[in-house]
Peer 1: 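Take a look at the following structure, please.
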Amino acid sequence: MKHTLIVISISLILFGIFTSCSKEFLDVPVQGQGTTKTDPALAQNLVTGVYNSLLAGEAFGGDGGDTHGISFIAATNIMSDDADKGSTPSDQSALNDIDNFTISPTNTFVAALWNGYYTGISKANQALVALSTASLTDVTKNKLIGEVRFIRGYYYFNLVRLFGKVPKVLRVPKDAQDANTDPEFQTRASVDTIYNVIIQDLQFAANNLPLRSNASVGHVDKGAAQTLLAKVYMYRKEWQKVFDLTQEVISSGQYDLVADYSTIWRQIGDNSIESVFEIQTGQFNNSDYGIQGYSVWQGPRVGGKGGWTDLGFGFGTPSANLVNAYEANDVRKASTIIVIDNSGQHKGTVLFDGFRIPSADSVQNLYYNYKAYHSENSSIETFNGNRDRKQKNVHLLRYAEVLLMNAEAANELGQSNTATTLLNRIRKRAGLQDTNASSQTDVRDAIWKERRFELAMEHDRFFDLVRQGRAAQVMQAAGKNFVAGKNELLPVPSLQIALSGGQLDQNNGY
């Protein structure tokens, strides 16, 4: 009998990826049939389970589910020119393959991404079934549906950028026979079809979610839906829609830039006025429940070049290419990159919480991702002793990107002066002079450059290069083994092709 990816994702839910969640979050029928219960508490719990799916990560490179752990870090930061694999050369060879573009369809980190996102989508579909029959007011029901559809749309946005064509799974199968006979569960839908799914989900969310409020901290709101929808349209090059949506977010008066860039990725910057949407750690579950391994995988590898003792494994290190690309006096560099100081009488680097990393002789790499660092000093940031589940919020959307998208859209629509005004707001906070760019081409290049430094190590760089049509040029110049027409996408996991009975096709070149 043939098996499908939807069965895989449901089985992952049933075996309890999120073991810290309440059992009722995972209490779904064996074959994934929709529940007939109308208890609003159950529906609310299933929505919480969808939020919790954002916390999925891999502990040691297995092929389980990963949405924002090391597999996500690898396929966004490490695969770009902003970061290298890091750690020791021999540690986690499958990450070397991602960094060097020698990826095969059997890569376990790639498989973990596929499984993680379809697990999340399956959870979303389950929640939508429960919400459809829940005893809730229409306003509350549509709000919860909007939150779930936002997350499902976000998952599909990542899937289509990572894999191109992917299966369109928008419902819960009636039973195993249904899952094994419906072509939608077995074959990849076109890129345009998936983008239409994303747009419909996000538009519903934008239409039914309220503006941000103190009562809804951590929940998806209208501004988040509009921002992500604008980002989707940016990838589709529908510039008027990008401009209109980002203008609505700007005009809402709900957001602004924080004064100090260095605070954004620290706990004091969580859910700030600049935050549009971030993955919450502790908002929907107990306070000792963060993204599996997000900080420890990227933490400085301190304690000798052969191992680690204090902070982490040292993966996803900022590249020399990024370190050397900043303009002089750009304050974002020191807030993004931990540089191990090996000069002068007092060698070593002191972090914002007072933790001292000794000289370069004690670490494997010279650069580390500051935005992934979470203090273990509980008087400064929340830490309950679980390094693998540090309470590190991941900022997926923030107001600075809204301004940059608005600027890019304005420039593409022939409004370069408007674009440079917005661009200069970003540069002023970074301690830089106004841009000299004036022509449409120069302003476009300036905006792309600004995106790199403003959003460095925030999981956008590789996707940006692909959408800009510059991936091969930039990656090859950075010394990567990038093949144009192939490495813009990851391979479809070979196990998924086998489980579909060969009905899933493979991406070009793999």
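One is the number of the first residue; the rest follow in order along the sequence. Because the structure is a prediction, the values reported are computed rather than measured.
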Peer 1: Within the side chain of Gln440, is there an N or O that forms a donor-acceptor pair under 3.5 Å with the backbone of Asn411?
Peer 2: yes

Peer 1: Can you find a heavy atom in the side chain of Asn487 that is under 4.5 Å from one in the side chain of Met79?
Peer 2: no

Peer 1: Show the numbers, then the answer: is there a ring-ring contact (aromatic ring centres under 6.0 Å, His included) between Tyr195 and Tyr235?
Peer 2: CA-CA 10 Å; Tyr195 268 109; Tyr235 277 73; 7.4 Å; no

Peer 1: Checking side-chain polar atoms at under 3.5 Å, does Trp448 have a donor or acceptor matched by the opposite partner on Glu408?
Peer 2: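 A pair is found: one side chain offers a donor N or O, the other an acceptor, under 3.5 Å apart.
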
Peer 1: Using 30° and 60° as the class limits, which term best fits the ring planes of Trp114 and Phe163: parallel, tilted or perpendicular?
Peer 2: perpendicular

Peer 1: Check whether Ser216 reaches the backbone of Arg212 with its side chain - one donor and one acceptor, N or O, closer than 3.5 Å.
Peer 2: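 A pair under 3.5 Å: no.
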
Peer 1: With a cut-off of 6.0 Å (strictly less than), are more than 12 heavy atoms of other residues, nucleotides or ligands near NZ of Lys428?
Peer 2: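 Atom NZ in Lys428 is not crowded, with 12 or fewer foreign heavy atoms closer than 6.0 Å.
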
Peer 1: If only side-chain N and O atoms count, and only distance matters, is there a donor-acceptor pair under 3.5 Å linking Gln292 with Asp66?
Peer 2: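 Side chains of Asp66 and Gln292: no pair found under 3.5 Å.
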
Peer 1: Is the backbone N or O of Thr382 less than 3.5 Å from a side-chain atom of Gln267, with the two atoms forming a donor-acceptor pair by type?
Peer 2: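 Yes, the answer is positive, given that a donor and an acceptor are paired below the 3.5 Å cut-off.
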
Peer 1: Do Asn406 and Phe243 have side chains that approach each other closer than 4.5 Å (heavy atoms only, starting at C-beta)?
Peer 2: yes

Peer 1: Should the pair Arg188-Asp505 be classified as a salt bridge under the 4.0 Å nitrogen-to-oxygen rule?
Peer 2: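 Between Asp505 and Arg188 there is a salt bridge, with a charged N closer than 4.0 Å to a carboxylate O.
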
Peer 1: Going by atom types alone, do Ser262 and Asp260 pair a side-chain donor with an acceptor below 3.5 Å?
Peer 2: yes

Peer 1: Is Thr67 reaching over with its side chain to a backbone N or O of Ser53, donor-acceptor style, under 3.5 angstrom?
Peer 2: yes

Peer 1: Say whether, by atom type as modelled, one donor and one acceptor occur between the side chain of Glu381 and the main chain of Ser375 under 3.5 angstrom.
Peer 2: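 Checking the backbone N and O of Ser375 against the side chain of Glu381, a donor-acceptor pair under 3.5 Å is found.
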
Peer 1: For the pair Gln200 (side chain) and Val197 (backbone), establish whether a donor and an acceptor sit closer than 3.5 Å, ignoring hydrogens and angles.
Peer 2: no

Peer 1: Do Asn208 side-chain atoms and Phe204 backbone N/O form a donor-acceptor pair below 3.5 Å?
Peer 2: yes

Peer 1: For Phe352 and Tyr373, what are the C-alpha separation, side-chain angles and deciding distance, and is it a ring-ring contact (aromatic ring centres under 6.0 Å, His included)?
Peer 2: CA-CA 10 Å; Phe352 73 85; Tyr373 178 72; 5.8 Å; yes

Peer 1: Determine whether a donor-acceptor pair (N or O, by modelled atom type, separation under 3.5 Å) exists between the side chain of Tyr370 and the backbone of Val339.
Peer 2: no

Peer 1: For His395 and Trp265, take the angle between the two ring planes, folded into 0 to 90°, and tell me which bin it lands in: parallel under 30, tilted 30 to 60, perpendicular over 60.
Peer 2: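 Aromatic pair His395/Trp265 classed tilted.
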
Peer 1: Between Asn271 and Glu278, is there a side-chain heavy-atom distance shorter than 4.5 Å?
Peer 2: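 Yes, side chains in contact.
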
Peer 1: Can you sort out the partners of Asp330 under salt bridge (Lys or Arg N to Asp or Glu O under 4.0 Å), two or more places apart, ordered by chain and number?
Peer 2: Arg332

Peer 1: Looking at Asp442 and Ser438, would you say the former's side chain and the latter's main chain have a donor-acceptor pair under 3.5 Å?
Peer 2: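 Judged by distance alone, no pair lies under 3.5 Å.
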
Peer 1: Between the side chain of Asn365 and the main-chain N/O of Ser87, is any donor-acceptor distance below 3.5 Å?
Peer 2: yes

Peer 1: Met475 and Asp81: which non-hydrogen atoms are nearest, and at how many Å?
Peer 2: CE-N, 3.6 Å

Peer 1: Taking the six-membered ring of Tyr156 (Phe, Tyr or Trp), confirm whether the NZ or CZ of Arg152 is under 6.0 Å from its centre and within 45° of its axis.
Peer 2: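 Pair Arg152/Tyr156 does not count as cation-pi.
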
Peer 1: Look at the aromatic rings of Phe453 and Tyr326 and report parallel, tilted or perpendicular, splitting at 30° and 60°.
Peer 2: tilted

